[in-house]
Amino acid sequence: MSGGRATGEQALGRLAPGANPEAAAALLIGGCFHEAFLRYYAAGADAEVAPRGHAEMLARAAVAPLLGS
C-alpha cells in the first residue's frame with residue numbers, strides 16, 4: 001500500500017492511527033519467504049506447499065495491528 005493510500009485509509013478510520021502498512025507488508029512477505037525457503041531447503045524442488053492455514057495465520061498477525069485489533 002502506498003504511503004498516500006495508507007494516509008487516506010487512516011483518515012477514514014480504516015487503519016489505526018499509528019499503523020505502519022509498509023512494515024506489515026514486509027513482515028508478511030518475509031514470513032512467507034522464510035517458510036518457503038525452509039521447505040525448499042529441507043525437501044528440494046519436491047517440497048510440499050505450505051498449508052493455507054499457515055499463510056492465513058501470518059496474514060492475520062500482520063494485519064491485526066493495522067486495524068487496531
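Count residues from 1 along the sequence.
Taken together through direct or relayed side-chain contacts under 4.5 Å among Ile, Leu, Val, Met, Phe, Trp and Tyr, Y41 and F33 form part of one hydrophobic cluster.
Of all the heavy atoms in Y40 and A45, the pair that sits closest is CE1-N, 3.4 Å. Nearest heavy atoms, L28 versus A62: CB-CB, 4.1 Å. Residues P65 and A19 come closest through the heavy atom pair O-CB, 4.4 Å.
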Carefully, step by step, assess E22 and N20 under the rule side-chain contact (heavy atoms from CB on, under 4.5 Å).
CA-CA 6 Å; E22 289 79 14; N20 187 333; 3.5 Å; yes
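Taking CG of L67 as the reference point, atom CD of E9 lies at 10.5 Å (rounded to 0.5 Å). Interatomic distance, CE of M57 versus CD of E35, reported as 8.0 Å (0.5 Å rounding).
Open room surrounds NE2 on H34; 12 or fewer heavy atoms of other groups in view lie less than 6.0 Å from it. The neighbour count for E56 CD, taken as heavy atoms of other residues, nucleotides or ligands under 6.0 Å away, is above 12.
Within the 3.5 Å criterion, the main-chain N or O of L15 finds no donor-acceptor partner in the side chain of Q10.
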